[in-house]
Amino acid sequence: MDAQRALLDELMGAARNLTDEERKGYKEVNWDDKEVCGSYMVRFCPHDLFVNTRSDLGLCPRIHDQKLKESFEKSPRHDAFVPKFEAELAQFCEKLVMDLDRRVKRGRERLAQEVEPAPPLPLTAEKSEQLSVLEEKIKNLLEQVESLGEAGKVDEAEALMRKVEMLNAEKTALTQPQNEKLLMLAQEKKMALCEICGSFLVANDAAERTQSHITGKQHVGYGMVRDFIKEYKDAKEKASEEERLVREREAEDRRKQKEKESERRRRSDSSDRERQHDRDRERDRYRDRHSDRERSRDRDGGRGMDSRSRNGRNGGRDRYRDRSRSRSPVRHSHRRH
């Protein structure tokens, strides 16, 4: 009835039986509501995989609606919600597989503790006597074979060896049948364990029964669960690896950028040092030229001052003599006389 009700809800809507008054307060369900099964939206719901099997999980407590699933697939928010729904499904599936693996482990322990075939029963008195007679005959024939071999009678020795082989076959036939029957019985009753779904199987069973098990709901359901978990983990590992590669590339780019900046700064510092060095050299050359001019000016100025001072002193004396001569009356009168 629950399955039929769910089918009618899917075809006619969950509000198909509501009255007009009830419809007024009815809120339509959207695919992103908590009441909707996210696992069903994104992949499959595990509750649908094991219906009417030994692993039946019962009816899913949340809503399964094909129309909501179609709405989810067409929604622009589809890609944003897929990781969330897949994570929820993976968590549920991992719990299922953990419980199943515990059952499989217990099943292996049970198979390992199976009772080994009972040892063969002791032979009857009649068979024991027959066995003693055969062993005695074999012993005598082997002694004869040895003697014939030492005498060089190879053909006769080979004939006796064939009789020994026949007697050994009779000896084996007395003890072997019972052991073979026990072994065949153990082989017929030997059980095997399915590693996928944990079911017990009869080893070497008919192909039809094996195929029926492989196509059964329980085996197929647990196969889907295990495949999804593997796919989910592989995708997570791939995404983590891609993120790691992206981080490494970004780190490498940052390292190269730092190297470029360091090289640029180094070149800039080198250029600054060269420019400063050029300025220092230019300043030194300017100072040298200025010093040379000062020294040259000092040398030239000193020589001019000495000449002027000497000429000034000598000229002054000459002018004084002339003035004295012109003023003296003796000298004037002497000149007149």
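Keep in mind it's a predicted model, so treat the numbers as computed, not measured.
- Residues Leu160 and Glu156 have side chains not in contact (no heavy-atom distance under 4.5 Å, counting atoms from C-beta outward).
- Nearest approach of Val164 to Ile138, heavy atoms of both residues: CG1-CG2, 4.1 Å.
- At most 12 non-hydrogen atoms from other residues, nucleotides or ligands lie less than 6.0 angstrom from CZ of Arg209.
- Note: His213 and Phe200 fail the aromatic proximity criterion, with ring centroids not under 6.0 Å apart.
- Between Tyr222 and Phe50, the ring planes lie tilted relative to each other; the angle falls in the 30° to 60° range.
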For this session: Would you check, one step at a time, whether the test salt bridge (Lys or Arg N to Asp or Glu O under 4.0 Å) holds for Lys74 with Glu70?
Result: CA-CA 6 Å; Lys74 296 176 182 178; Glu70 294 174 357; 5.2 Å; no

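- Salt bridge Glu263/Arg266: present, at least one basic N to carboxylate O contact under 4.0 Å.
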Exercise. Between Arg255 and Glu252, is a salt bridge (Lys or Arg N to Asp or Glu O under 4.0 Å) present by the stated rule, with each step listed?
Worked result: CA-CA 5 Å; Arg255 185 184 65 80; Glu252 182 67 15; 2.2 Å; yes

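- Note: His64 NE2 to Asp48 CG = 5.0 Å, rounded to the nearest 0.5 Å.
- Side-chain atoms of Asp56 come within 3.5 Å of backbone atoms of Gly58 as a donor-acceptor pair (strictly under, hydrogens ignored).
- Atom CD in Glu86 sits 7.5 Å away from atom CG in Leu89 (nearest 0.5 Å).
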Problem set entry | Residues Glu248, Arg244; criterion salt bridge (Lys or Arg N to Asp or Glu O under 4.0 Å); working and verdict | CA-CA 6 Å; Glu248 289 181 355; Arg244 185 184 66 81; 2.3 Å; yes

For this session: I would like to know whether Lys233 and Glu94 meet side-chain contact (heavy atoms from CB on, under 4.5 Å); could you show each step before the answer?
Result: CA-CA 11 Å; Lys233 289 182 177 180; Glu94 286 176 354; 3.6 Å; yes

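- Within the 4.5 Å cutoff, no side-chain heavy atoms of Leu59 are placed close to those of His47.
- Annotation for Leu201 and Cys194: closest pair CD1-CB, 4.2 Å, computed over non-hydrogen atoms.
- Cation-pi geometry between Lys69 and Tyr40 is met: the NZ or CZ atom falls under 6.0 Å from the ring centre, inside 45° of the normal.
- Contact detail for Val36 and Arg62: the closest heavy-atom pair is O-NH1, 3.7 Å.
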For this session: Test Arg110 against Arg106 for side-chain contact (heavy atoms from CB on, under 4.5 Å), laying out the working first.
Result: CA-CA 6 Å; Arg110 285 178 54 190; Arg106 290 195 298 268; 5.6 Å; no

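- For CZ of Arg267, the number of neighbouring non-hydrogen atoms (other residues, nucleotides, ligands) closer than 6.0 Å is 12 at most.
- Here the side chains of Gln91 and Ser39 are not in contact, with every heavy-atom distance at 4.5 Å or above.
- Atoms SG and CD1, from Cys45 and Ile63 in turn, are 12.5 Å apart once rounded to the nearest 0.5 Å.
- Between Ile214 and Val220, the closest heavy-atom pair is O-CG2, 3.6 Å.
- To the nearest 0.5 Å, the span separating OG on Ser212 from NE2 on His219 amounts to 11.5 Å.
- Salt bridge annotation for Lys236-Glu231: absent, with no cationic side-chain nitrogen under 4.0 angstrom from a carboxylate oxygen.
- Between Glu88 and Lys84, at least one side-chain nitrogen of the basic residue sits less than 4.0 Å from a carboxylate oxygen of the acidic one, meeting the salt-bridge criterion.
- Atom NZ of Lys217 is surrounded by more than 12 heavy atoms from other residues, nucleotides or ligands within 6.0 Å.
- Within a 6.0 Å radius of CG in Asp234, other residues, nucleotides and ligands contribute more than 12 heavy atoms.
- In this structure, the side chains of Val29 and Asp65 stay at 4.5 Å or more apart for every pair of heavy atoms.
- Between Cys93 and Val225, the closest heavy-atom pair is CB-CG1, 3.6 Å.
- For Thr215 (side chain) and Gln211 (main-chain N/O), a donor-acceptor pair under 3.5 Å exists by modelled atom type.
- Between the CG atom of Leu57 and the CG atom of Leu96 there is a distance of 5.5 Å, given to the nearest 0.5 Å.
- The two residues Arg77 and Trp31 have their closest heavy-atom pair at NH2-CZ2, 3.6 Å.
- Taking a 6.0 Å sphere around CD of Glu73, one finds it holds more than 12 heavy atoms contributed by other residues, nucleotides or ligands.
- We find the CG-CD distance between Leu141 and Glu136 to be 10.5 Å, quoted to the nearest 0.5 Å.
- Of the candidates Arg226, Lys95, Arg108, Arg226 is the only one forming a salt bridge (Lys or Arg N to Asp or Glu O under 4.0 Å) with Asp101.
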For this session: Take Leu142 and Met161 through the side-chain contact (heavy atoms from CB on, under 4.5 Å) test and state the conclusion after the steps.
Result: CA-CA 7 Å; Leu142 290 174; Met161 280 301 300; 4.2 Å; yes

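- Taking the six-membered ring where the residue is Trp, Phe72 and His78 present tilted rings, their angle falling between 30° and 60°.
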